[in-house]
Amino acid sequence: MKFIVDLPLAGLAKWLRFCGFDAAVQRLSPGAPQDLPPALADTYLLTRQQDFTRFKREDLLVLSAPDPEGQLQEVIRRLEITRGHLRLLSRCGQCNEILVSISRDQALGLVPEHVFHTQEQFHQCPKCRQVFWPGSHLPGILAKVLEKLD
Ligand SMILES: [Zn+2]
C-alpha cells in the first residue's frame, strides 16, 4: 500500500512512513481531474480538501480529521489496515527512504550512550543518516493508535 499525501497533511505522511508505508508528499490541486496523479494499483491519494469529493475516484480518500492522529485513524478504518500491514522501523519519517540495518559498532557515536548500551538493533536512513532503534521513531501518541490495531 502506497500513498500520495496532499502537502498540508505532511504530518500524516510522516506517521505513515513510521508505519512502513511509502508516503510521498505532493500538493494536490482540485482544479480538474487531469491535474490529479494517475490512478496506480495499491496507491491512494490523501487530502482534506473537500472539493475533491466530486471526483469519485476509488483511490482518493478525502479525510476530515484536523490532526494526524485522527487522520491516521480514518485511513486505518477506511482501508482496513491491520497490524500485519505495518513494517515498523523500515522507513525514514523525514525522507521516506528505506532504512538499512547497521551494526552496533557502526552506531557507536551516532546514538546516545545509554541507547548504545541497551539496544541491539540499529537502522540508518541512507539519505539523512539519522539512526533509529526499536521504539525510537514512534511518538507516544502514534504508538497508542497502533496498539488498538487488530
Ligand atoms: Zn532520512
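All ligand and atom numbering here is 1-based and tracks the order in the structure.
- R104 forms no cation-pi arrangement with F122, by the criterion of a distance under 6.0 Å to the ring centre and an angle within 45° of the ring axis.
- Of all heavy-atom pairs spanning F52 and P30, the tightest one is CZ-N, 3.5 Å.
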Which atom pairs, donor and acceptor, lie under 3.5 Å between side-chain atoms of residues 60-77 and protein residues at least two apart or in another chain?
| from | atom 1 | to | atom 2 | distance (Å) |
| --- | --- | --- | --- | --- |
| S64 | OG | E74 | OE1 | 3.4 |
| D67 | OD2 | E69 | N | 3.4 |
| D67 | OD2 | G70 | N | 2.9 |
| Q71 | NE2 | A65 | O | 3.0 |
| Q71 | NE2 | P66 | O | 3.4 |
| E74 | OE1 | S64 | N | 3.1 |
| E74 | OE2 | S64 | N | 3.0 |
| E74 | OE2 | A65 | N | 2.7 |

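- Screening the protein for N, O or S atoms under 2.8 Å from the Zn ion (ligand 1) yields 4; no waters enter the count.
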Considering only distance and modelled atom types, tabulate donor-acceptor pairs under 3.5 Å from the side chains of residues 18-28, sequence neighbours left out.
| from | atom 1 | to | atom 2 | distance (Å) |
| --- | --- | --- | --- | --- |
| D22 | OD1 | N96 | ND2 | 2.9 |

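- A donor-acceptor contact shorter than 3.5 Å links the side chain of R83 to the backbone of L149.
- Residues forming a side chain to side chain donor-acceptor pair (under 3.5 Å) with D6 (at least two apart in sequence, or on another chain): T47, Q49.
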